[in-house]
Amino acid sequence: MSEENRTEISSLGEFGLIDHLTKNIELHNASTILGVGDDAAVIDHFGKQTVITTDLLIEGVHFDLTYTPLKHLGYKSVIVNLSDVYAMNATPTQITLSLAFSNRFSVEALDEFYEGVYAACEKYDVDLIGGDTTSSQKGFIISVTAIGEVSPDNFVKRSTAKKGDLLCVSGDLGAAYVGLLFLEREKKIFMEHPGVQPDLEGESFVIGKLLKPEARKDIVEFFAKEEVVPTSMIDISDGLSSEILHLCKDSNLGCVLYEEKIPVHEEMKKAAYKFEIDPTACALSGGEDYELLFTIPQADYDKLVLNEKISVVGYMTEPEEGAHIITKGGSKHAITAQGWNHLK
Ligand code: ADP
Ligand code: MG
């Protein structure tokens, strides 16, 4: 951004800034009775149940502004929360967004961030209904709360999988992690040799997965259409192994996972090989995929095969059996939160 285009936040003041950032909001949901502009927002869920989830994102811990465009960061800040709502089998309807930033940021920089926020709101039909704006000494801090609705008692917990249920995942896994490896590598080169241009040629797939993730609205809509209610569900933010262990522990079950069934994209495999790492390891222990991991009764298998974006990767067992992966070579290993040590 050139210096001439820089508007100091102090020139608008806090209320002027909030008004600037929120003046074009168009509401998408009948449940949004009152949005930005009062002491609180008002929501009516017309007899449905409400789910609420919140996430805090800290510069230097959760994101790195050296390689994360602000628009993408705004988009992703919303998506990670919507993903948690979908993981409850609910439909997101509203978000609140709170920010803290230093005078290092200009109005134009915040505009870029909000462009991403509004793009996600538009795509997923959610309303931004409030937030808070404050200063920080250093660094950018983002807190998003997402609210969603679900038909009474149709929400899906982590703790209710049953023995014999099929273990399923949406989409493909591990790509965001490989994207992160590329961006971290280029950052390191740049820090050591500031003149060198980044070499990200051909890696748009994995970098796109990291910088512009999507939440699985389509999968939850598919469940509703086919009248499938998963017996348990979680979103994959920390890698497949870690999330499988959550389902097993909370449902008091074991499971068998087949390595050959884990969905990985061809582009991700090629990129992983460039780093000489195992694609399966990326899927198991990477993170930030925002896919859904869920269990369904075997009787629903016929409905699932209708959706090519869903892969059956294993099944749930007695707790005594523990959580295991059967590798492509046929050997059996315990799944650990750092699952890839076994596979190296
Ligand atoms: P209060 O003093 O009652 O907390 P604020 O002045 O903080 O009110 O906020 C005024 C209105 O603007 C409220 O509706 C609030 O939810 C909304 N708001 C504040 N900051 C943001 C933001 N960063 N993004 C969206 N809405 C915001
Ligand atoms: Mg306030």
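Index from 1, following the sequence. In each ligand, atom 1 is the first atom listed, and ligand 1 is the first ligand listed.
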Let me know which of Glu149, His45, His28 forms a side-chain hydrogen bond (donor to acceptor under 3.5 Å, both in side chains) with Thr93. His45
Have a look at Gly37, Gly35, Ala41 and point out the one with the heavy atom closest to atom 11 (C) of ligand 1. Gly37
Where the closest heavy atom to atom 27 (C) of ligand 1 is concerned, which of Ala100, Gly131, Ser143 has it? Gly131
Does the side chain of Thr327 pick up a donor-acceptor pair with the side chain of Glu259 at under 3.5 Å? no
Between the side chains of Ser31 and Asp44, does any donor sit under 3.5 Å from an acceptor? no
Examine the proximity of ligand 1 to [X] and report which part, side chain or backbone, both or neither, has a heavy atom under 4.0 Å away.
{"X": "Asp38", "answer": "backbone"}
{"X": "Phe113", "answer": "neither"}
{"X": "Ile18", "answer": "side chain"}
{"X": "Thr133", "answer": "both"}

Those atoms of ligand 1 less than 4.0 Å from some heavy atom in [X]:
{"X": "Asp132", "answer": "7 (O), 19 (C), 20 (N), 21 (C), 23 (N)"}
{"X": "Gly130", "answer": "16 (O), 25 (C), 26 (N), 27 (C)"}
{"X": "Thr22", "answer": "25 (C), 26 (N)"}
{"X": "Tyr114", "answer": "22 (C), 23 (N), 24 (N), 25 (C)"}
{"X": "Asp39", "answer": "3 (O)"}
{"X": "Phe15", "answer": "6 (O)"}
{"X": "Val36", "answer": "12 (O), 14 (O), 17 (C), 26 (N)"}
{"X": "Leu97", "answer": "22 (C), 23 (N), 24 (N)"}

Stepwise, does the salt bridge (charged side-chain N to carboxylate O under 4.0 Å, His left out) test hold for Asp172 with Lys209? CA-CA 10 Å; Asp172 57 86; Lys209 285 277 189 170; 3.5 Å; yes
Report yes or no: does a heavy atom of Leu21 sit under 4.0 Å from some atom of ligand 1? no
Would you give the length of the straight line joining atom CE of Met233 to atom CD of Glu243, rounded to the nearest 0.5 angstrom? 13.0 Å
Going by the rule side chain to side chain contact (heavy atoms under 4.5 Å, CB included), which residues pair with Asp19 if we only count those two or more places apart in sequence or in a different chain? Lys23
Aromatic ring proximity Phe105/Phe113, centre distance under 6.0 Å: no
For Tyr67 together with Phe190, are the ring centres under 6.0 Å from each other? no
Short N or O distance, Ser98 and ligand 1, threshold 3.5 Å exclusive: no
Less than 4.0 angstrom from a charged side-chain N to a carboxylate O is my criterion; do Lys163 and Asp165 meet it? no
Salt bridge (Lys or Arg N to Asp or Glu O under 4.0 Å) pairs touching residues 260-269, sequence neighbours excluded, are Glu266-Lys269, Glu267-Lys270
